[in-house]
Amino acid sequence: TADQRTVTGTLPLTPIQQWFFAQESAEPHYFNQSVMLHRAEGFQVAALQQAVAKVMEHHDALRIVFRHTEHGYVAYNRGLKEGELYSLDIVDLTDMSEQASVATVIEDRANAIQGSMDIENGPLMRLGLFRCADGDHLLMAIHHLVIDGISWRIVLEDIAEGYEQA
């Protein structure tokens, strides 16, 4: 039986994380993957927050931050009470009638959300909920150091299931 307790503390870097930091990127904070979901009937914010909080609790890797030390970066898995687990920006665009303007606002805010990652302090999961006349659009951006294509499938399934339960 696998231990299900919350994982916290310093962790060794994975080989891909070692490779990433060896590149010495000028913008290490801005290397994320994102998805935009649409729900015509809108999202219930409380249910969404509850589902995402449970996913952050269950998937320890999503709470990792990367601290720069004199010997390079180290991974640190934050506990559930160590700072913000994720961020959620809610933008109400329901009164905007011109579709081109709505798209521009969403693009600008989505870029700002993705550009606001901070690998040393977190959180490395940032959400933007855009309330529009055609329903809600939910941006989910997660730094690539803590998620990959396979993990996305699992995280999205868990959020969907948690949302339905909430």
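Numbers here simply count residues along the sequence, with the first being 1. Computed from a prediction, not measured in an experiment: that's the story for all the values here.
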Asks: Heavy atoms only: give me the nearest Asp118-His29 pair and the separation to one decimal.
Replies: CA-ND1, 3.4 Å
Asks: Are Tyr163 and Val55 close enough that some pair of their side-chain heavy atoms sits under 4.5 Å apart?
Replies: no
Asks: Kindly compute the distance separating CG (Leu127) from CG (Leu139), expressed to the nearest 0.5 Å.
Replies: 7.5 Å
Asks: If every non-hydrogen atom of Val74 is compared with every non-hydrogen atom of Leu13, which pair is closest and at what distance?
Replies: C-CD2, 4.2 Å
Asks: Would you please indicate if the ring centroids of Phe20 and Tyr73 are separated by under 6.0 Å?
Replies: no
Asks: Are Leu93 and Met36 linked, directly or through intermediate hydrophobic residues, by side-chain heavy-atom contacts shorter than 4.5 Å (ILVMFWY only)?
Replies: yes
Asks: Could you check whether any side-chain heavy atom of Met125 comes within less than 4.5 Å of a side-chain heavy atom of Val52, counting everything from C-beta outward?
Replies: yes
Asks: Only pairs at least two apart or in different chains count here, so list each salt bridge (charged side-chain N to carboxylate O under 4.0 Å, His left out) that has a residue in residues 90-107.
Replies: none
Asks: Between Gln17 and Phe66, what is the shortest heavy-atom contact and its length?
Replies: NE2-CZ, 3.4 Å
Asks: For Glu24, look at atom CD and say whether over 12 heavy atoms of other residues, nucleotides or ligands are found less than 6.0 Å away.
Replies: no
Asks: Heavy atoms only: give me the nearest Leu85-Met56 pair and the separation to one decimal.
Replies: O-CE, 2.8 Å
Asks: Any donor and acceptor pair, going by atom type alone, linking the side chain of Gln33 with main-chain N or O of His144 inside 3.5 Å?
Replies: no
Asks: Can you find a heavy atom in the side chain of Ile113 that is under 4.5 Å from one in the side chain of Ser34?
Replies: no
Asks: Taking side chain as C-beta onward, heavy atoms only, is Asp148 less than 4.5 Å from Ile16?
Replies: no
Asks: Would you please say whether a donor-acceptor pair under 3.5 Å links the side chains of Asp158 and His59?
Replies: yes
Asks: Any side-chain to backbone donor/acceptor pair from Arg78 onto Glu84? Under 3.5 Å, distance only.
Replies: yes
Asks: Count I, L, V, M, F, W, Y as connected when their side-chain heavy atoms are under 4.5 Å apart, and connections chain through other members. Are Val7 and Leu124 then in the same cluster?
Replies: yes
Asks: Here's a test for you: under side chain to side chain donor-acceptor pair (under 3.5 Å), which of Arg63, Glu82, Arg67 qualifies with Tyr76?
Replies: Glu82
Asks: Please say yes or no: joined through hydrophobic side-chain contacts below 4.5 Å, possibly via intermediate residues, are Phe21 and Ile142 part of one cluster?
Replies: yes
Asks: Are Val35 and Ile150 connected in the hydrophobic side-chain network, where two residues link if heavy atoms are under 4.5 Å apart?
Replies: no
Asks: Side-chain contact, heavy-atom cut-off 4.5 Å: Ile64 with Leu145?
Replies: no
Asks: Looking at side-chain heavy atoms only, is the closest gap between Phe31 and His143 below 4.5 Å?
Replies: yes
Asks: Is there a side-chain contact (heavy atoms from CB on, under 4.5 Å) between Gln114 and Tyr30? Walk through the geometry before answering.
Replies: CA-CA 7 Å; Gln114 292 185 70; Tyr30 196 38; 3.6 Å; yes
Asks: More than 12 foreign heavy atoms under 6.0 Å from CD of Gln23: is that the case here?
Replies: yes
Asks: Determine, stepwise, if the pair Leu62 / Tyr86 fulfils side-chain contact (heavy atoms from CB on, under 4.5 Å).
Replies: CA-CA 9 Å; Leu62 295 175; Tyr86 68 94; over 6 Å; no
Asks: side-chain contact (heavy atoms from CB on, under 4.5 Å), that's the test. Do Leu156 and Met140 meet it? Break it down for me.
Replies: CA-CA 10 Å; Leu156 288 170; Met140 299 176 63; 3.8 Å; yes
Asks: Looking at His38 and Gly135, what are the two nearest heavy atoms and their distance?
Replies: NE2-CA, 4.0 Å
Asks: Can you check whether Gly128's main-chain N or O pairs, donor with acceptor, with His137's side chain at less than 3.5 Å?
Replies: no
Asks: Would you say CD of Gln44 has more than 12 non-hydrogen atoms from neighbouring residues, nucleotides or ligands within 6.0 angstrom?
Replies: no
Asks: Is there a side-chain contact (heavy atoms from CB on, under 4.5 Å) between Asp134 and Val102? Walk through the geometry before answering.
Replies: CA-CA 11 Å; Asp134 69 340; Val102 170; over 6 Å; no
Asks: Can you find a side-chain donor-acceptor pair between Thr94 and Arg131 that sits under 3.5 Å?
Replies: no
Asks: Which heavy atom of Asn77 sits nearest to which heavy atom of Ala61, and what is that distance?
Replies: ND2-N, 4.3 Å
Asks: Are Leu48 and Trp152 joined in one hydrophobic group, where the rule is that I, L, V, M, F, W and Y side chains link up if heavy atoms are under 4.5 Å apart?
Replies: yes
